[in-house]
Structure formats: structure tokens, C-alpha cells
Amino acid sequence: MKKTSQHGQWSSRMVFILAATGSAVGLGNIWKFPYIAGENGGGAFVLTYLLCILAIGLPIMMAEIMLGRRGRQSPINTMRVLAVESNASALWSWLGWLGVVAGFLILSYYSVIAGWAMAYVVRVASGVFDGATADGVSHIFGEFIADPEKLLAWHSLFMIITMLVVARGVKGLERAAKFLMPALILILILLVGYSMNQGAFQQGVSFLFSADFSKINAAGVLTAMGHAFFTLSLGMGAIMVYGSYLPSRVSIGSTTVIIALADTAVALLAGLAIFPIVFANGLTPASGPGLIFQTLPIAFGHMAYGAFFGTLFFLLLVFAAWSSSISLIEPAVAWLVENRKMSRMRACIWAGLLTWLIGIGTVLSFNLAADLTVFGKTFFDLMDYLTANIMLPLGGLCIALFAGWVMAAETSAKELSLPNDHIYKAWRFIVRYVSPVAVLLVFLNVIGLI
Ligand code: PFF
């Protein structure tokens, strides 16, 4: 096996943690988690999600990083090489392809929503939310998403800045992440402080944490599980490709725990900031993808220096989205460079163009094509469902099966080099039995077979 990847290597464990946390923490934590928690009744959903992070996300993340580091190539080639090493079928490289397609589809809508956040940097800075009411804020949001040209312009801008960074390599961005990620967490804490004083904090906390399991159904459990994959960037090769740049001596176990903890903390902080504002202003938790854009501006409109903090918040959110987008497209770009012998720049242009085109479907699904639905879902809903609820869990299931059943135990033990044999045995048991069975049960339950 190669010692390093042709695309380079992270300079230290810290840089890898920053990059992987940068991939994990993004719109999923601050935009998506609160609104899907709101749509699925709160507490029971949150608890299911936390359980999925622990029992499925953590062990699969270790597996994915381990496979990446062992293969040292794009996920497609890594899976092929590792399958050959294990005397298994080279068809496992299809797992890499599944991930590349999922990456394109996710980024296509992710970029549109990141565009909303960019637009809100400008809006909040201009002071339009000063003293705003819940109705006023909702109205501004409604007008904004009804305008396809604006959404398209912001989507295009976001795709351009993403592809620029991917083309030039991610080093600079990782250095910036060192400051920006803590800053985002600080502003979230400030917002939680606002919600404690001005929002219906008790009500928000009990919505998020008191679990009433009658409120969650099979589809909700699937959404919670899918979100565990989405939020940790698992199941599509993003973390695998980052793992392929990881120096051999770094311990995978403790690194994974740090990334998952940071990611979960950001999501819970976002929830604690948002729901007290929802209840204090008579908004409904199930407001859908507009939730943060209809709640947080109320807080920024009323707190001291709100325009300043609000601008900073949306800027940091854009940054968080940016560092996630890069990892969504990296598996495809790495493959184009390896197999099509393209320069990074050319690979980025092609990958970026394709993603941008698919994203137009999402842009239109909020306005002109809002009534165009398949199975009751708009284009955006369909992309989201297909990727987060089906492709990522399926990818994760295959990763667990490969790491647990196909790869030799000595190989995974050596590559993971966990602190002791008990932890290794526990990990192996989970990826062989617990995670795959859990994913399968949820799938079967949703399609009504059990
Ligand atoms: N984890 C990112 C978020 O929570 O916003 C989204 C994401 C990034 C999903 C990379 C999948 C991925 F491969």
C-alpha cells in the first residue's frame, strides 16, 4: 500500500481535524437540523438522531477514514485497490461512484441554500431587520425565495468561490478554519444567550429534549438516521478522501470522537438558539427550510449590535457551508485527476459546471416550479430525500460491510491502531452487526416490510 496520496497529505493531526470538522459542520447543523427536528416533533427525533450518531455514525466514520488512509486514492480507486487486496470483487469501486453521484446531487442544492445565507449577509448588514416583527421577517424571506434570478445569482457565486478553492487546494481555507470555526461557535453561544433572555427558553428546551415517541414514525426515524450520515459527511467518500490524506501515525479513534462531538455540539447550540425564538414569536417549528431565515433575523433585529452580530453570523455560516462544499466535490475531482489525467483546474471547471446546472432545478423548485412534484416532492425535496435518506445510508451500510466483513481483521486492526484490543473488538462488532442491521431495519421499516 502507498504511504502517501498523490494529491498530498495533511501536515498534522490538527489540520486533519480542522478539515474534517470543516466538512462536518455546515448547513446540516445550523440550517437543516433545526428544521427537520421541527418537522418531526422535536425530542424523540433529536434522541434518535443522537443515538444514530453514537451507534452508526461514530463507528462508520472510523471505518471510512481507515479505508481512505489504507487506499490513499480517490474513493473509487481506493475501493477498487482495497477490494483487490482483500481478494474481493473490484465491483466494490461502485461504492465510490455512488459517493461521487451523491456529492454532485448534495452540492447542487447545498450551494443554493448557501446562496441564501450569502444574500442574508447583505440583508442583515443593511439593517432591514432592525426592530422587525415575525411577520415582517417571514415576508422578506418569502419575497426573496420567490425570485429565481436572485437565487440563481447567489447560487452561481457560491459555486464559483467553492470551485476556486478546490482548484487551488484547500490549505489556506484550513488555516482560516482555525479562527472561523471557534468564532461561529461563540456567536451561536451569544444567540443562545439571547434566547435565554428574550425567547421562550423553557419551551424550546423541552421541545428539543423531552422525547415523546408517539410523535415520530418510521419516516422520521429514517430522516434522523439519514441526518446522522449527512451531518458527519459520511457514506459518500468525503471523509474517505480526507482520510486518504491523513499521515499514517495519527490515531483514528480519538480524532473521530473529537470531530463528532464538535459537530453535535454545533447542531444542539443551533437548536437551542432557534426554538425559543420560534415559540416566543408564535412561529411554527415545522416551517421547513426557511426556519433559520425566519427566526434568527428577529433576534438580530432586537438585540444590541444585532446588525453587526447578524452579519457576522451569516458570514460564518457561509464559511461553514464553504468548507463542507469542498469535501462534497473532492472525491469527483480527485478521480478526474487520477483517471482522466486532468489538471485540478479543468477537473474543477467540469465538476462545478455540472453541479451548477443540477442546482438550477432547486432554484426553480422554490418559485416557478414549486408545484411541479413527483411523489409529492419538489425537485429540492427529491434531491434531499434521495441523497440524505437513501444514498448516504446505503453508502454507509456498504462501508460498514466492507470494513467489517471483507477486509481482513489484521488489516483493519493495524490501520486503525486503536488504544487496546477491547475497543477494537467493540468497533468490529458494531460495524459487522450493529450498524448494518440498524440501517437495514430502518430501510425495511420505511418501505413497510417490517
Ligand atoms: N456535513 C455537511 C453539513 O452538515 O452541512 C454536509 C455534507 C458535507 C454532507 C460533505 C456530505 C458530505 F460528504
Side-chain angles (χ1 to χ4, degrees), residues 18-37 49 52-53 57 60-61 64-65 67-68 74-75 95-117 158 162 165-166 170 173 177 181 184 188 223-244 256 259-271 289 292 316-335 351 355 383-396 399:
L18 280 171
T21 312
S23 165
V25 173
L27 295 173
N29 306 61
I30 296 171
W31 159 75
K32 191 172 181 197
F33 169 71
Y35 93 76
I36 55 176
Y49 149 80
C52 289
I53 295 270
I60 292 188
M61 190 172 208
E64 200 175 326
I65 297 175
L67 296 183
S74 69
L95 183 54
W97 280 109
L98 179 77
V100 166
V101 175
F104 279 124
L105 299 185
I106 296 177
L107 185 55
S108 77
Y109 70 82
Y110 204 84
S111 163
V112 176
I113 310 295
W116 296 3
F158 185 81
T162 297
V165 175
V166 180
V170 298
L173 200 81
M181 204 63 83
L184 178 67
L188 277 173
T223 305
M225 181 179 80
H227 189 64
F229 283 100
F230 186 88
T231 191
L232 292 175
S233 306
L234 295 182
M236 57 143 284
I239 286 295
M240 193 185 289
V241 85
Y242 276 13
S244 74
T256 304
I259 301 166
L261 275 179
D263 185 77
T264 310
V266 172
L268 295 180
L269 281 174
I292 64 161
L316 291 169
L317 182 59
V318 172
F319 181 81
W322 198 11
S323 57
S324 300
S325 312
I326 289 162
S327 67
L328 281 164
I329 203 81
E330 181 68 20
V333 170
W335 182 80
T355 317
M383 289 294 112
D384 180 36
Y385 192 87
L386 195 67
T387 52
N389 292 16
I390 298 175
M391 296 174 93
L392 300 188
L394 197 63
I399 286 169

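Read the numbers this way: they start at 1 and go in the same order the structure lists the ligands and their atoms. The structure presented is a predicted model; accordingly, all values stated were derived computationally and were not measured.
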Can you find a heavy atom in the side chain of [X] that is under 4.5 Å from one in the side chain of [Y]?
X: M240; Y: P331; result: no
X: T355; Y: L328; result: no
X: T223; Y: N389; result: yes

Would one find an N or O of [X], backbone or side chain, under 3.5 Å from an N or O of ligand 1?
X: F230; result: yes
X: G28; result: yes
X: S327; result: no

- request: Under 4.0 Å from a heavy atom of L27: give me the atoms of ligand 1 that qualify, with their elements.
  value: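 Atoms satisfying the 4.0 Å criterion: 5 (O).
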Numbered atoms of ligand 1 (with element) below 4.0 Å of S23, judged on heavy atoms: 1 (N), 2 (C), 8 (C), 10 (C)
query: So, does T231 use its side chain to make a donor-acceptor pair with the main chain of H227 at under 3.5 Å?
result: no
task: Give the residue, atom name and distance (to 0.1 Å) of the protein heavy atom nearest atom 8 (C) of ligand 1.
output: S233 OG, 3.3 Å
message: Can you report which non-hydrogen protein atom sits closest to atom 12 (C) of ligand 1, along with the distance?
response: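 Nearest neighbour among protein heavy atoms for atom 12 (C) of ligand 1, to 0.1 Å: L328 CD2, 3.2 Å.
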- request: Measure from atom 13 (F) of ligand 1 to every heavy atom in M240, M236, E330 and give the option owning the shortest one.
  value: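 Heavy atom nearest to atom 13 (F) of ligand 1 belongs to M236.
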Nearest non-hydrogen partners of Y242 and A19, listed with the distance: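 Taking Y242 first and A19 second, the nearest heavy atoms are CE2-O, 3.4 Å.
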- request: Indicate, as side chain, backbone, both or neither, the part of A24 found under 4.0 angstrom from ligand 1 when only non-hydrogen atoms are considered.
  value: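 Backbone only.
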field: ligand 1 versus Y110: contacting region, heavy-atom distance under 4.0 Å
entry: side chain
- prompt: Cut-off 3.5 Å, side chains only: do S327 and S233 have a donor facing an acceptor?
  reply: no
message: For F229 and I60: C-alpha separation, side-chain torsions, deciding distance, then whether side-chain contact (heavy atoms from CB on, under 4.5 Å) applies.
response: CA-CA 9 Å; F229 283 100; I60 292 188; 4.0 Å; yes
